[in-house]
Amino acid sequence: MIFRRITPDDIGEVVRLERLCYNVPWTEEDCIREVNDNPFSHGWLMIEEGRILGYAFLWEAYELSEVARIAVDPALRKKGLGYALMQFLLADAREHGCEVMSLECRASNTAGLRLYAKCGFTRTHRSKGYYSDGEDAVVMTKQLKESL
């Protein structure tokens, strides 16, 4: 398994997975902006034998990092791929000097909440009506570096 940066040539496959994995997927334009225009965005693909297994967009700014998007092909779930992708993101954030990682997860996404807890994230609060359909988000964080 390898991880590599998302390029403009990958956007079609990222958008295909977005549509499979999210109730409100990012558009092609959203993904292009992340790759081409957002200086804080690090887009990553997880690939094995030429097949894209999943992807993530990680925002890194100074000491803070945020998982903006993460997805694994639904046909390949429950094989530890989400955990492997999260471990890669944590290592990337640490390598770039980030001290904290945060994310939002739909309150109904029990598999996601379990994955993030397994990766050492703790629930900090619930953001009421966060998603466009009114669902709450569970906000989670993980310390990447010891506090001063």
Side-chain angles (χ1 to χ4, degrees), residues 1-124 127 130-133 135-145:
M1 182 180 327
I2 64 164
F3 297 91
R4 74 162 171 80
R5 294 296 290 266
I6 295 172
T7 69
D9 292 339
D10 302 315
I11 297 298
E13 183 64 10
V14 170
V15 170
R16 184 188 75 78
L17 287 173
E18 271 284 315
R19 291 180 180 145
L20 290 173
C21 297
Y22 284 98
N23 294 341
V24 182
W26 280 3
T27 64
E28 182 175 344
E29 293 77 20
D30 294 330
C31 293
I32 289 170
R33 258 192 313 276
E34 285 298 305
V35 170
N36 291 335
D37 301 329
N38 184 344
F40 302 107
S41 183
H42 298 234
W44 293 102
L45 293 178
M46 179 172 51
I47 301 170
E48 189 169 71
E49 296 177 4
R51 180 178 182 185
I52 295 174
L53 310 175
Y55 70 93
F57 285 102
L58 180 66
W59 296 338
E60 296 175 347
Y62 309 103
E63 73 280 1
L64 304 175
S65 60
E66 180 175 351
V67 179
R69 284 306 230 211
I70 183 168
V72 170
D73 186 323
L76 302 172
R77 290 187 181 158
K78 300 198 182 288
K79 297 178 185 212
L81 297 175
Y83 183 79
L85 185 51
M86 281 300 302
Q87 294 307 306
F88 176 83
L89 296 177
L90 288 163
D92 181 70
R94 284 186 186 103
E95 184 178 308
H96 288 100
C98 295
E99 298 175 10
V100 177
M101 184 178 285
S102 66
L103 57 85
E104 297 88 23
C105 182
R106 283 185 175 268
S108 64
N109 184 354
T110 55
L113 293 169
R114 276 195 308 272
L115 169 65
Y116 305 133
K118 181 178 178 180
C119 292
F121 285 80
T122 57
R123 297 176 188 217
T124 59
S127 186
Y130 179 84
Y131 294 100
S132 61
D133 61 4
E135 185 172 356
D136 295 351
V138 176
V139 179
M140 303 179 81
T141 61
K142 177 179 173 76
Q143 288 293 131
L144 305 179
K145 181 179 176 184

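The figures that follow rest on heavy atoms only: side chains count, while hydrogens, waters and symmetry mates do not.
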May I ask you to establish whether Arg5 and Trp44 are in a cation-pi arrangement, using a distance under 6.0 Å from NZ or CZ to the six-membered ring centre and at most 45° from the ring axis?
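Yes.
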Closest heavy-atom contact between Ala117 and Met140?
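For Ala117 versus Met140, the nearest heavy atoms are N-CE, 4.1 Å.
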Taking all atoms of both residues into account, what is the closest heavy-atom pair of Ser41 and Glu34, and its distance?
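Scanning both residues, the minimum pair turns out to be OG-OE1, 2.7 Å.
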Fit a plane to each ring of Trp26 and Phe57, take the angle between them on a 0 to 90° scale, and name the class: parallel (under 30°), tilted (30 to 60°) or perpendicular (over 60°).
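Rings of Trp26 and Phe57: tilted, as their planes differ by 30° to 60°.
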Where does the angle between the aromatic ring planes of Phe40 and Tyr62 fall among parallel (under 30°), tilted (30 to 60°) and perpendicular (over 60°)?
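Phe40 and Tyr62: tilted rings.
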Ionic contact status for [Y] with [X], cut-off 4.0 Å:
X	Y	result
Lys145	Glu63	no
Arg16	Glu13	yes
Arg106	Asp133	yes

Would one find more than 12 heavy atoms of other residues, nucleotides or ligands at under 6.0 Å from atom CZ of Arg19?
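Incorrect, the count does not exceed 12.
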Which residue in the set Val139, Thr141, Leu113 passes side chain to side chain contact (heavy atoms under 4.5 Å, CB included) when paired with Arg123?
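Among Val139, Thr141, Leu113, the one meeting side chain to side chain contact (heavy atoms under 4.5 Å, CB included) with Arg123 is Leu113.
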Taking Arg33 for the side chain and Asn38 for the main chain, is one N or O donor matched with an acceptor at less than 3.5 Å?
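Not confirmed, Arg33 side chain does not pair with Asn38 backbone.
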Verify, without hydrogens or angle tests, whether Asp92 (side chain) and Leu89 (backbone) share a donor-acceptor contact under 3.5 angstrom.
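Looks like no, no N/O pair under 3.5 Å.
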Can you confirm whether the side chains of Ser127 and Glu104 place a donor and an acceptor under 3.5 Å from each other?
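Short answer, no.
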Report the C-alpha distance between Arg69 and Val14 in whole Å, list the side-chain angles of each, state the deciding distance to 0.1 Å, and finish with yes or no for side-chain contact (heavy atoms from CB on, under 4.5 Å).
CA-CA 11 Å; Arg69 284 306 230 211; Val14 170; over 6 Å; no
Validation row: Ile11, Ile6 side chains within 4.5 angstrom (heavy atoms):
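Yes - at least one pair of side-chain heavy atoms lies under 4.5 Å apart.
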